[in-house]
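Scroll down for the structure; my scribbles are underneath it.
Labels below follow one simple rule: chain letters A, B, ... track the order of the sequence lines, proteins then strands, and each chain is numbered from 1.
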2 protein chains.
Amino acid sequence: MDEQGDTLTAVFAALADPTRRAILQRLTVGSASVAELGEPFCMSQPAVSKHLKVLERAGLISREQVATARYSRLEAEPLREATEYMQRYRRFWNESFDRLDAALADHLSTVTSAEPPSTTPEKERTDD
Amino acid sequence: MDEQGDTLTAVFAALADPTRRAILQRLTVGSASVAELGEPFCMSQPAVSKHLKVLERAGLISREQVATARYSRLEAEPLREATEYMQRYRRFWNESFDRLDAALADHLSTVTSAEPPSTTPEKERTDD
DNA sequence: CTCCTTGATAACCTTGTGGTTATGAAGCTT
DNA sequence: AAGCTTCATAACCACAAGGTTATCAAGGAG
């Protein structure tokens, strides 16, 4: 769970910042130098470099030195993995209504004896 | 961009922790009390409560007080939103070759002196 | 009523994160 | 060679994050 759990952590952490998300979005229209990437933000150049390093360590960008410039390129593979991870929860936003009903009914019928609102334990269990 | 960008930040930040991901996974098999959720981890109870608070603020769980127990329930809606967000990048792990062309063209049109990170030659940009 | 369990909260510590300025390496331009 | 541009790195700062222990409120169980 932690070989790529580590990757997941890095990717989600990288995405948990608006600046970095904006950088990624900018990169969807093509590679860009550090200066270009930092231009939209009122932020010093080293700050941008730090963000890029975070993105790079998460595998979300690759970088290529051309002259004095360092061009960043979007690498979407980790995003695919992260998406796949979240897809494991897809059934829960599909069947949330069923679960809600079940939980409510269960709770109403057992609240006097203080039992947990066990939300239909989904024997499906496609665990990893 | 930041009405739900805030939500995105909270969700990704919440997911960027292995403990919280494990808690979410545990919740896929049903609601659980704080003690139950914390049992797999060698971690104090307040630490678990903090994680739960993070998850709650990200909208990833809802909570229900039954007696002295507080049962957490998985709320997958924010995960759906986060997945949708990442889906915007799907074409980049599908059509990464086309994208390279786009990147190159874009870069050429904005930078006249330095050379682009030429990975593939010529072509016009195919922005969406 | 008294005791035990559950879990929240506060106070605190340590690390990590996001930002800054200052500096320096490397490469064009002239 | 001299100077400007691009960017990384270091040193530093403020604050958030994840963890701890101590404490306390509230609800069963005896």
Side-chain angles (χ1 to χ4, degrees), chain A residues 5-6 9-24 31-58 60-73 107 110-117, chain B residues 2 5-6 9-24 27 31-58 60-73 107 110-117:
Chain A
D6 209 31
T9 296
V11 170
F12 284 134
L15 291 175
D17 183 287
T19 301
R20 287 193 291 264
R21 286 200 301 272
I23 288 176
L24 286 183
S31 299
S33 67
V34 176
E36 285 170 343
L37 288 175
E39 187 265 335
F41 315 103
C42 25
M43 187 183 309
S44 66
Q45 169 260 312
V48 178
S49 288
K50 281 193 181 182
H51 282 302
L52 292 177
K53 188 173 288 184
V54 172
L55 290 169
E56 187 177 29
R57 273 191 305 204
L60 289 167
I61 64 172
S62 61
R63 309 174 80 177
E64 183 180 3
Q65 188 106 26
V66 168
T68 72
R70 259 189 118 183
Y71 290 94
S72 298
R73 193 183 65 172
H107 174 247
T110 59
V111 70
T112 45
S113 53
E115 273 189 38
Chain B
D2 258 308
D6 210 28
T9 297
V11 170
F12 284 134
L15 291 175
D17 184 287
T19 302
R20 285 193 291 263
R21 287 199 301 273
I23 288 177
L24 286 183
L27 288 177
S31 300
S33 67
V34 175
E36 284 169 344
L37 288 174
E39 186 265 337
F41 315 104
C42 26
M43 188 183 309
S44 65
Q45 169 260 312
V48 178
S49 288
K50 279 193 184 183
H51 282 302
L52 292 178
K53 188 173 288 184
V54 172
L55 289 170
E56 187 177 28
R57 272 191 304 207
L60 288 167
I61 64 172
S62 61
R63 310 176 81 179
E64 180 181 5
Q65 189 107 27
V66 167
T68 73
R70 261 188 116 182
Y71 289 93
S72 298
R73 193 184 64 173
H107 175 247
T110 53
V111 178
T112 46
S113 51
E115 279 188 7

Any side-chain N or O of A:S49 under 4.0 Å from OP1/OP2 of D:dC7? no
Among D:dC7, C:dG7, C:dG27, find the nucleotide with the atom closest to the side chain of A:V34. D:dC7
What nucleic acid atoms does B:A35 come within less than 4.0 Å of, heavy atoms only: base, sugar-phosphate, or nothing? sugar-phosphate
Of C:dT20, C:dG19, D:dG18, the nucleotide closest to the side chain of A:T19 is C:dG19
Measure OH/A:Y71 against P/C:dG27 and give the value in whole Å, please. 15 Å
Nucleotide D:dT20, atom P - distance to CE of B:M43 in whole Å: 7 Å
Spacing between A:H51 atom NE2 and D:dT9 atom P, to the nearest angstrom: 16 Å
Among the candidates D:dC7, D:dT20, C:dG18, find the nucleotide nearest to the side-chain atoms of B:K50. D:dT20
Below 4.0 angstrom from OP1 or OP2 of D:dT20, is there any side-chain N or O of B:S44? yes
Output the rounded distance in Å from CZ (A:F12) to C1' (D:dG18). 19 Å
Side chain of B:D17 only, heavy atoms from C-beta on: which candidate in D:dG18, C:dA26, D:dG28 is closest? D:dG18
Would you tell me if any nitrogen or oxygen in the side chain of B:R63 comes within less than 4.0 Å of OP1 or OP2 on C:dA8? yes
Nearest 0.5 Å, please: how far is OG1 in A:T19 from CG in A:L37? 12.0 Å
Mind calculating the distance between CD (A:E64) and P (D:dA8) to the nearest angstrom? 14 Å
Separation of B:R57 atom CZ from C:dA8 atom C1', in whole Å? 14 Å
From CZ of B:R20 over to P of D:dA17, roughly how many Å is that when rounded to an integer? 9 Å
Counting just side-chain N and O atoms, does B:R70 come under 4.0 Å of either OP1 or OP2 of D:dA26? no
5'-most by nearest nucleotide on DNA chain C - A:Q45 or A:A13: A:A13
Under a 3.5 Å threshold, yes or no: a donor from one side chain and an acceptor from the other, between B:R21 and A:T9? yes
Mind checking B:A69 for me? I need base, sugar-phosphate or nothing, with any heavy atom below 4.0 Å counting as a touch. sugar-phosphate
Using a 3.5 Å distance criterion without hydrogens, assess whether the side chain of A:R20 forms a donor-acceptor pair with backbone atoms of A:A14. yes
Interatomic distance where CG belongs to B:L52 and P belongs to D:dG19 [whole Å]: 12 Å
Return the minimal non-hydrogen interatomic distance between B:M43 and B:A47, and the atom names on each side. CG-CB, 3.2 Å
Nearest to side-chain heavy atoms of A:P46, which nucleotide of C:dT9, C:dT20, C:dA8: C:dT20
Mind checking the CG-CG spacing from A:L55 to A:D17? Nearest 0.5 Å is all I need. 8.5 Å
